[in-house]
Undergrad: 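Here it is, the structure, as structure tokens.
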Amino acid sequence: MKKTLEFRAHDGEIEDIALGPDNKVVTAGRDFQCCVWQQDQLVTGLRWHENLPGIPDKAYRYQACSDSGTFLGLGTVTGSVAIHIAFSLQVSGAGLGAAPGSPRSPSPPVCPQRLYYVKEAHGIVVTDVAFVPESRPGRELLGGHEAALLSVAVDSRCKLHLLPTRRSLPVWLLLLLCAGLIVATILLLQLAFPGFL
């Protein structure tokens, strides 16, 4: 085996790593950041204190990435558990992945899309979080849910958090509703103002 790539991904320990689509790598570190990488280039990232200003730097203690790199699971020192979607992360300012001497322009703070949140799911500090593997046995545990996150806390409890599958309207139904709205508007105008058309 031969090393092909080496770069500094985080300022502290890396809590979790997962391979995402298009050979992207998602990392979550003890420096309270989550990053999406393409080779050694930072694609997107999240810094808690920049993107979520109301949350103290030490609030999210444990992080985990789903196998696909789609979701980021978070456990807090207050016992809360959250799941964010990774593609909604925004590039954070200078630093990680940048070549020495080449500053990055900071991007505006953006709140990542939180899909799931349970305040104080545990009565005390969450000590670890992990996603249920997306392999066949893991799929059986997921049932019809999109993802499942296990959380463990100092209260000696393990809890399973299921993320419901997101639903959306089919495009044809949306177009049909828009056409119906236009026809209804025309009929109402004709009724209100006879001879309008």
Side-chain angles (χ1 to χ4, degrees), residues 16-28 33-38 41-48 50-55 60 63-76 80-92 105-121 129-151 159-197:
D16 204 357
I17 187 168
L19 293 176
D22 302 325
N23 293 323
K24 289 185 177 136
V25 176
V26 181
T27 60
Q33 296 183 74
C34 178
C35 302
V36 180
W37 303 91
Q38 182 82 47
Q41 297 299 312
L42 179 67
V43 177
T44 58
L46 169 70
R47 291 176 185 240
W48 309 139
E50 288 177 9
N51 299 92
L52 299 169
I55 298 174
Y60 286 114
Q63 304 118 25
C65 300
S66 63
D67 289 347
S68 64
T70 305
F71 302 110
L72 170 68
L74 303 168
T76 71
S80 300
V81 175
I83 299 175
H84 291 268
I85 194 153
F87 67 73
S88 70
L89 302 179
Q90 184 70 13
V91 175
S92 50
S105 60
S107 56
V110 173
C111 188
Q113 185 178 0
R114 184 169 59 192
L115 300 175
Y116 178 89
Y117 179 74
V118 178
K119 185 176 182 178
E120 298 175 0
V129 290
F131 280 95
V132 172
E134 295 171 0
S135 61
R136 183 181 164 102
R139 280 271 153 222
E140 292 172 5
L141 183 61
L142 284 175
H145 296 88
E146 195 164 2
L149 181 72
L150 290 166
S151 64
K159 295 190 177 183
L160 179 65
H161 306 273
L162 297 172
L163 179 65
T165 302
R166 293 169 286 157
R167 293 185 180 20
S168 61
L169 293 174
V171 175
W172 65 268
L173 181 59
L174 196 56
L175 291 174
L176 185 65
L177 289 172
C178 288
L181 185 60
I182 291 170
V183 169
T185 303
I186 291 171
L187 289 174
L188 283 173
L189 284 172
Q190 187 67 27
L191 184 64
F193 305 104
F196 179 69
L197 294 177

Undergrad: Mind checking the CD1-CG spacing from Ile83 to Leu163? Nearest 0.5 Å is all I need.
TA: 5.0 Å

Undergrad: Got a second to check how far Tyr116's OH is from His145's NE2, nearest 0.5 Å?
TA: 9.5 Å

Undergrad: Say whether, by atom type as modelled, one donor and one acceptor occur between the side chain of Thr165 and the main chain of Gly144 under 3.5 angstrom.
TA: yes

Undergrad: Going by side chain to side chain contact (heavy atoms under 4.5 Å, CB included), name the residues that satisfy it together with Ala148, two or more places apart in sequence or in a different chain.
TA: Val132, Leu142, Leu160, Leu162

Undergrad: What's the shortest heavy-atom distance between His161 and Ala121, and which atoms?
TA: CE1-CB, 3.8 Å

Undergrad: Which residue is it: Val129, Thr76, Leu74, Val118? I am looking for the one with a side chain to side chain contact (heavy atoms under 4.5 Å, CB included) to Ser151.
TA: Val129

Undergrad: The test is side-chain contact (heavy atoms from CB on, under 4.5 Å); show your working for Val81 and Tyr117 and say whether it passes.
TA: CA-CA 6 Å; Val81 175; Tyr117 179 74; over 6 Å; no

Undergrad: Looking at CG of Leu42 and CH2 of Trp37, how far apart are the two atoms once the value is rounded to the nearest 0.5 Å?
TA: 4.5 Å

Undergrad: Just verifying a value: how many Å separate Leu173 CG and Leu177 CG, rounded to the nearest 0.5 Å?
TA: 4.5 Å

